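Have a look at the structure below, then the notes.
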Amino acid sequence: MDAGEIVGYIGVNGAGKSTTIKMLTGVLMPTSGEVRVLGRDPHKQRVDNARDIGVVFGQRTQLWWDLALIESLNLIAKIYDVPPDRYKNILDQFTETLDLGALLNVPVRNMSLGQKMRSELAAALIHEPKVVYLDEPTIGLDLIVKERIRDFIKAECGAKGMTVMLTTHDLGDIEELCQRVIIIDDGQVIYDGPIQTIKKRFGKFREISFDTMKEAKSLQLPDGAQVLSAEERKVHIRFDRTVSSASKVASAVMNQIEVTDFSLSEPDLADIVKQIYNGALEREAR
Amino acid sequence: MTRYMSLYWLFLLQRLKALMEYRASFILGATSTIIWQGSSIAAVWVVMQNVPSLNGWNYDEVLMVYGIITLAKSINHMFADNLWTVGRVYIRAGGFDRFLVRPIDPLFHLLADRFCQDGVGNFIVGLALVVKASVDLDITWTPLMVAMLAVGVISGGFIFIALNLITCVSSFWIIDSVPITRLVFDNHLFAQYPLSIYPKAISILLTWVIPYGFASFYPASYLLGREMGNLAWVSPLIAAFLMFIGYRFWQFGLKYYSGTGS
């Protein structure tokens, strides 16, 4: 990964996402191969590595359950040796961007899930790490909180040039935050590249919808295309991009019936990832 | 070192603030250990009413032994109680990883994470017993004796901590280390009485194998002017040696943990 990148790291449960993060953070030692973070071996130089990284484990807290948020943050700032005036600035800034004002004096045990996650983010980034690992930071959150957290990640990590690795099952996170996606399955990287290319590479099927003057009956379609549904003056067709093309399908339809409008839909990332996941699961079943 | 000391202080302050939130539980915890200790002491009292002398040790002399080990145990209880629960609470639930992604020593983080208030009750009881025994026995304290009390109690505390540390490392393999820790820890019950009352094997065991004797019998013997008392000056060496072994073994276990995950 390059410095300053925000990379989405996805894969089915059990694909090895958490294990990768544990190796990158120095918690686990790789059984073979080498890991380097900022030029260091995160396991052998665990303490030096720890100073430069921030971690959010979405399902576990970093904070002290019984302490008011502000007390936890004070303690964490001391653990990371953040200079007091720097700490004050960052705290003020986070209080605003994460809307923590009303939460600072609330113990973590009394917080809602969304409040907790906002607090976790503050705790993980208070020492301004160079590299940030976010393991499912939006899991279980409602849309508004999700939005707020995405905005925060975009503003905070983006503006400070932090390198971010984000694992999530929420493709909205990926689409909004990441320029690059890595998909793994069974410990292997099966895709690494920009989101747009995934759509090209894995989006085998595309759909075209036509508005027609009359009802479309018994259309003759090129190989690889099929009618998904036909209403009175509307027909949806799906085609396999590797066999046919949008222009072949469109011209075939237009030769047979008068078309008033048509649209080609972009493949949905969620559908594509589902395909990839299903493929992975089928392989596993074999 | 100073950094760790000031960090410990901050951890402790935060912990006390959290405890103040549960004032009732704090008081109950400390009180319950006092009551629990009270009943154990009552048992000693009942025995000593019927047997005025245990192999030449009278009631107050036995209380001195009992008081010193209670003080030593209270140090372990207050500052290292998390060694009991590292497997059950931290490793099993995954919270242990938090210690590994922070730029401080994970063992320090584990211990600093929870000062155990219940140990305060033990400390109070131990101190009260030493004072009572000392008054009844009419002991004249010299500076050297005060030093010995401090050395014995602090070294004894580290002996407790080191033995719990060594046994708790098993939680990296088997998660729940409590049964193994208890197996070793419970031997301290013997050391609540003068080792001279036991068969040779037990007294050797508690001196050179599971050396709780250095947290009780030997310092007490010194204060009471009995034979073997001078052996008490070895306590710091024993404690340092065990802490060294314990810390190395902990690091070995940690390496295993990070090789396999959980």
Side-chain angles (χ1 to χ4, degrees), chain A residues 16 18-32 42-57 59-68 70-82 105-110 120 123-124 127 129 131-133 135, chain B residues 2-26 29 82 85 89-117 172 251-262:
Chain A
S18 298
T19 306
T20 313
I21 293 210
K22 282 185 179 179
M23 287 191 291
L24 290 167
T25 49
V27 171
L28 288 187
M29 192 167 55
T31 45
S32 66
H43 184 256
K44 288 208 183 92
Q45 294 156 281
R46 209 179 41 70
V47 170
D48 289 331
N49 183 56
R51 253 187 273 280
D52 284 333
I53 64 169
V55 192
V56 169
F57 293 114
Q59 307 189 64
R60 285 174 203 157
T61 183
Q62 294 243 45
L63 301 159
W64 285 265
W65 198 244
D66 290 323
L67 289 184
I70 183 72
E71 312 272 8
S72 277
L73 293 177
N74 288 343
L75 201 49
I76 289 172
K78 290 285 182 198
I79 290 176
Y80 286 94
D81 240 346
V82 183
N105 291 310
V106 178
V108 176
R109 71 187 134 83
N110 292 346
E120 291 288 338
H127 60 294
V131 181
V132 180
Y133 303 99
D135 194 357
Chain B
T2 44
R3 171 167 146 73
Y4 275 108
M5 272 157 67
S6 69
L7 264 181
Y8 193 90
W9 176 242
L10 290 169
F11 270 92
L12 183 62
L13 278 183
Q14 300 304 350
R15 172 78 183 149
L16 293 178
K17 273 187 208 163
L19 287 173
M20 284 305 116
E21 294 250 323
Y22 300 97
R23 211 158 302 163
S25 140
F26 174 79
N82 261 355
T85 50
V89 175
Y90 292 91
I91 294 177
R92 179 177 288 160
F96 190 74
D97 292 351
R98 173 163 59 109
F99 300 149
L100 296 176
V101 299
R102 292 208 169 135
I104 53 175
D105 185 87
L107 180 60
F108 169 83
H109 201 328
L110 172 72
L111 297 186
D113 217 47
R114 192 171 66 94
F115 168 84
C116 182
Q117 70 278 16
F172 288 124
Q251 285 180 315
F252 172 74
L254 199 57
K255 207 165 165 194
Y256 172 83
Y257 174 81
S258 63
T260 58
S262 46

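A note on names: the letters A, B, ... follow the listed sequences, proteins ahead of strands, and every chain is numbered from 1. What's counted below: heavy atoms across the whole structure, side chains too, no hydrogens, waters or symmetry copies. Predicted, not measured: the structure shown is a model, and the values here were computed from it.
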query = About how many Å separate CE of A:Met29 and CG of B:Leu254, when rounded to the nearest 0.5 Å?
reply = 10.0 Å
remark   = Heavy atoms of B:Leu10 and A:Lys78 approach each other most closely as CD1-CG, 3.4 Å
note = Between B:Val101 and A:Tyr80, the two heavy atoms sitting closest are O-OH, 3.4 Å
task = Assess whether atom CE of B:Met20 is packed by more than 12 heavy atoms of other residues, nucleotides or ligands within 6.0 Å.
result = yes
note = When rounded to the nearest 0.5 Å, the distance separating CZ of B:Arg102 from CD1 of A:Ile76 is 4.5 Å
inquiry  = For chain A, which candidate among B:Leu13, B:Ile104, B:Asp105 shows the most heavy-atom pairs at distances under 4.5 Å?
reply    = B:Ile104
ask   = So what's closer than 4.5 Å to chain B heavy atoms on A:Pro30: side chain, backbone, both or neither?
value = neither
ask   = What closest approach, in Å, do A:Arg60 and B:Gly94 show between heavy atoms, and which atom pair accounts for it?
value = NH1-O, 3.4 Å
task = Report the residues that fulfil side chain to side chain contact (heavy atoms under 4.5 Å, CB included) with B:Thr85, sequence neighbours left out, ordered by chain and then residue number.
result = B:Asn82, B:Val89, B:Tyr90, B:Arg114
request  = Look up atom CG in A:Asp66 and atom CZ in B:Arg15, then write down how far apart they are to the nearest 0.5 Å.
outcome  = 7.5 Å
message = Does B:Tyr4, at its OH atom, have more than 12 non-hydrogen atoms belonging to other residues, nucleotides or ligands within less than 6.0 Å?
response = yes
query = Are A:Arg46 and B:Pro106 close enough that some pair of their side-chain heavy atoms sits under 4.5 Å apart?
reply = yes
message = Please classify the contact of A:Thr19 with chain B as side chain, backbone, both or neither, using a heavy-atom distance under 4.5 Å.
response = neither
inquiry  = Minimum heavy-atom separation for A:Ala50 and B:Pro103, please, with both atom names.
reply    = CB-N, 3.6 Å
task = Measure the shortest side-chain to side-chain distance between A:Trp64 and B:Asp113 over non-hydrogen atoms and say whether it is less than 4.5 angstrom.
result = yes
note = For B:Tyr8, the ring-ring contact (aromatic ring centres under 6.0 Å, His included) test, sequence neighbours excluded, returns none
message = I'd like to know if the side chain of B:Arg3 reaches the main chain of A:Ile79, judged simply by a donor and an acceptor atom lying under 3.5 Å from each other, with no hydrogens or angles considered.
response = yes
inquiry  = Given heavy-atom pairs under 4.5 angstrom as the criterion, report whether the side chain, backbone, both or neither of B:Phe99 touches chain A.
reply    = backbone
